[in-house]
Amino acid sequence: MADRLAPFSFANRTHRTWAGTFRCKPQLYIQPRTAEEIRDAVVEAKRLNKTLMLTGSGHSPSTLTMSDEWIMNLDIFNKVLSIERHESGKFADVTVEAGIRIYQLTEILAAEGLAIQNLGSISEQSAAGIISTGTHGSSAYHGLVSEQIVKFTLLCSGKADPETIECSPGDNLDLFRAGLLSVGKLGIITHVTLRVVPAYNLKSRQQIVSFDRFVDELWPTVWTSSEFIRVWWYPYSDRCVLWRADKCKQEEPLREPINNFYGTTLGRFFYESLLWLAVKVYPSLTPSIERWVFKHQYGFEESINSEGNVAVQRSDLALNMDCLFSQFVNEWAMPLTEGPKVLRQLETIIKDAAKNNSFYVHAPFEVRISNTAVSGSTDTINPDNYSVPHLGTVPGNTVRPLLDGTPKLGAATTPITYDKLTLYLNATVYRPFGFDCPIDKWYRTFEDTVAAVGGKPHWAKNFLGTFDDKPASTLTDGEMRGLKPTMDSWFGDDLTLFKTLRETHDPQGTFLSGRHWAEINGFVSSVTDIV
Ligand SMILES: Cc1cc2nc3c(=O)[nH]c(=O)nc-3n(C[C@H](O)[C@H](O)[C@H](O)COP(=O)(O)OP(=O)(O)OC[C@H]3O[C@@H](n4cnc5c(N)ncnc54)[C@H](O)[C@@H]3O)c2cc1C
Ligand SMILES: O=C1O[C@H](CO)C(O)=C1O
């Protein structure tokens, strides 16, 4: 079929998400080793009229990267090509081949005395994958992870031959904004330049607080009280775990957080076994199991007035965490100011559902923030142009991705105010030992609640959306209906521009692999639309 690709492609490779939520058997699984081989694959795909699905580490838990045609993975296209240190010493721009995994990059940077400025809960993602779905951390002083991108190289299928396009705030700005969150539908990101900073350690404190005290007392000041902050809510325990971290002096001795049985392999297995019991045998036991585990893992006693569980770690090790087991996740972004109201609504929904034996949720429920207020300035060397009032943050760009689902809250202010911040609520449902847990009822109610305050989903995750033309009886539990009906009202001209750029640079639809996901979510015109 495509002999030219034989040295770096496989005919019988199964592709699956990290969580094992979805898997597929593409006709061809391509792992290019060089830029030329990447280009050859695009030429062959066009010649044979095949579509190409890009995948990084498969950490997007939905059908986003599923395809039965050709899949391309850049795991072995992963070198660091250059590190350009700025004369101020405040930052450096590192250019990498886009398949490099974040954990590989952080190790190389650490050896160079450098570090990534902001990360999510893990570092398994590829450099291209982490930016292509809007990955975020949790900070009032940082935006999406893609805020750190200075430029990238995009290989598009093009009209005749494939075209290599340099994208940055000063070069092809529209394509840059489209490619900062493209879900792989625009072309192949082959190289990424990331703005990094001198290596830093984070001193973190983890405290236990009641849900009531967190929502009623701490909320008005907590979100700007540290550079990094994340909250895990345990609904059946009426408790929150409040984790906050700030840069500390390099001389401060490193110190691991105190761990207990539940941080051990046996402890994780024990908890997963209890969850299996709850999912497959006695769902009504879920609240008791979650409360029992919380009591023995953290204890119900509040520690907000003491220093809590303190640690001093290398930045990436502090920002990353153990995400436990295979899971569905459904995360939506909304104005932070809506937080108390929405959390109280969800508290009532979760408690009523347990009382009525309607559905059960798993813990923790993640409560996080980001600051995606952007200045739009293309000059990111001058701190006066930074959109986010920074604690040493040196953004690679201060432009907004066209399909960024966080609320548009105007330019950032100094000091930061809550009306400029985005709240992320992430409903994780575990799949103990790979056994599915019903999610439809919970996710339907959750989405109706957050959509009512202007929420939009994280594009990588297991959101349901709304099929207005498919009776519920024909859908499987958790099946993605898609968000096509709302996309125009949500993204307007930005979506139109994304589609125009997509059709201009990929006229044959080479990158419309796994088209179903893109169609039901309105990222591309449905075939019926075109006809
Ligand atoms: C355990 C876990 C923890 C997570 N923690 C967080 C978190 O804290 N915050 C957060 O926001 N998200 C989080 N995520 C989601 C994750 O960051 C995103 O799903 C991310 O996109 C996955 O990156 P990946 O390399 O696995 O890419 P994949 O999931 O394989 O692909 C993601 C998208 O990128 C596209 N793509 C991949 N490579 C290229 C390329 N070279 N060119 C163009 N497009 C490309 C794919 O087509 C796809 O659309 C988490 C996920 C898991 C499973
Ligand atoms: O998608 C995600 O998974 C983890 C939670 O387990 C996380 O923080 C995400 O975001």
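This chain uses plain numbering: 1 for the first residue, then up along the sequence. Not measured: the values here are computed from a predicted model.
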Inset, instruction - Kindly assign one of parallel, tilted or perpendicular to the pair H59 and W18, based on the angle between their ring planes and the thresholds 30° and 60°. - result: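 The rings of H59 and W18 lie parallel, inter-plane angle below 30°.
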Legend entry - From CA spacing to verdict: side-chain contact (heavy atoms from CB on, under 4.5 Å), D488, L495: CA-CA 7 Å; D488 280 329; L495 177 61; 3.4 Å; yes
Are any side-chain N or O atoms of [X] and backbone N or O atoms of [Y], one a donor and one an acceptor, separated by less than 3.5 Å?
X    : Y    : result
T21  : P61  : yes
K185 : S513 : yes
R481 : E479 : yes
N78  : S126 : no
Y141 : T224 : yes
S139 : F228 : no
N371 : G143 : no
E302 : S210 : yes

Inset, instruction - Before giving the answer on side-chain contact (heavy atoms from CB on, under 4.5 Å), spell out for V241 and I208 the whole-Å C-alpha distance, their side-chain angles and the decisive distance to 0.1 Å. - result: CA-CA 5 Å; V241 174; I208 308 302; 3.8 Å; yes
Legend entry - Candidates E227, Q148, H136 - the one meeting side-chain hydrogen bond (donor to acceptor under 3.5 Å, both in side chains) with H142: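 Among the candidates, only E227 passes.
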Legend entry - Result of checking E290, Q297, H296 against Y271 for side-chain hydrogen bond (donor to acceptor under 3.5 Å, both in side chains):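 Considering E290, Q297, H296, a side-chain hydrogen bond (donor to acceptor under 3.5 Å, both in side chains) with Y271 is found only for E290.
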Inset, instruction - Verify salt bridge (charged side-chain N to carboxylate O under 4.0 Å, His left out) between R314 and E107, making sure each step is shown before the conclusion. - result: CA-CA 11 Å; R314 193 177 81 181; E107 287 307 326; 2.7 Å; yes
Salt bridge check, [Y] against [X]: does any charged N sit closer than 4.0 Å to a carboxylate O?
X    : Y    : answer
R344 : D212 : yes
K249 : E252 : no
R101 : D75  : yes
R268 : D322 : yes

Legend entry - ring pair (Phe, Tyr, Trp, His ring centres under 6.0 Å) evaluation trace for F523 with W459: CA-CA 11 Å; F523 272 66; W459 293 117; 4.9 Å; yes
Is the closest side-chain donor-acceptor distance between [X] and [Y] under 3.5 Å?
X    : Y    : value
T63  : H516 : no
N320 : S123 : yes
S226 : D246 : yes
Q206 : N309 : no

Tell me if the centroids of the rings in [X] and [Y] come within less than 6.0 Å of each other.
X    : Y    : answer
F269 : F433 : yes
Y424 : H458 : no
Y262 : Y298 : no

Legend entry - NZ/K295: more than 12 non-hydrogen atoms of other groups inside 6.0 Å: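 Result for NZ/K295: open.
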Legend entry - Criterion side-chain contact (heavy atoms from CB on, under 4.5 Å) on R400 and T406, from CA distance to verdict: CA-CA 10 Å; R400 185 183 174 87; T406 63; 3.5 Å; yes
Inset, instruction - Kindly confirm or rule out a cation-pi arrangement of R431 over F328, judged by NZ or CZ under 6.0 Å from the six-membered ring centre and within 45° of its axis? - result: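 Pair R431/F328 counts as cation-pi.
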Inset, instruction - Establish, for the pair K441 and F359, whether the NZ or CZ atom is under 6.0 angstrom from the six-membered ring centre and no further than 45 degrees off its axis. - result: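 Cation-pi check for K441 and F359: fails.
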Legend entry - F491 and L402: CA distance, side-chain angles, deciding distance, side-chain contact (heavy atoms from CB on, under 4.5 Å) verdict: CA-CA 8 Å; F491 291 98; L402 289 176; over 6 Å; no
Inset, instruction - List the steps, then state whether ring pair (Phe, Tyr, Trp, His ring centres under 6.0 Å) holds for F214 with W219. - result: CA-CA 6 Å; F214 173 66; W219 188 277; 5.5 Å; yes
Inset, instruction - Check whether any side-chain heavy atom of W233 lies under 4.5 Å from a side-chain heavy atom of E347, and answer yes or no. - result: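 Result yes, sub-4.5 Å side-chain heavy-atom pair found.
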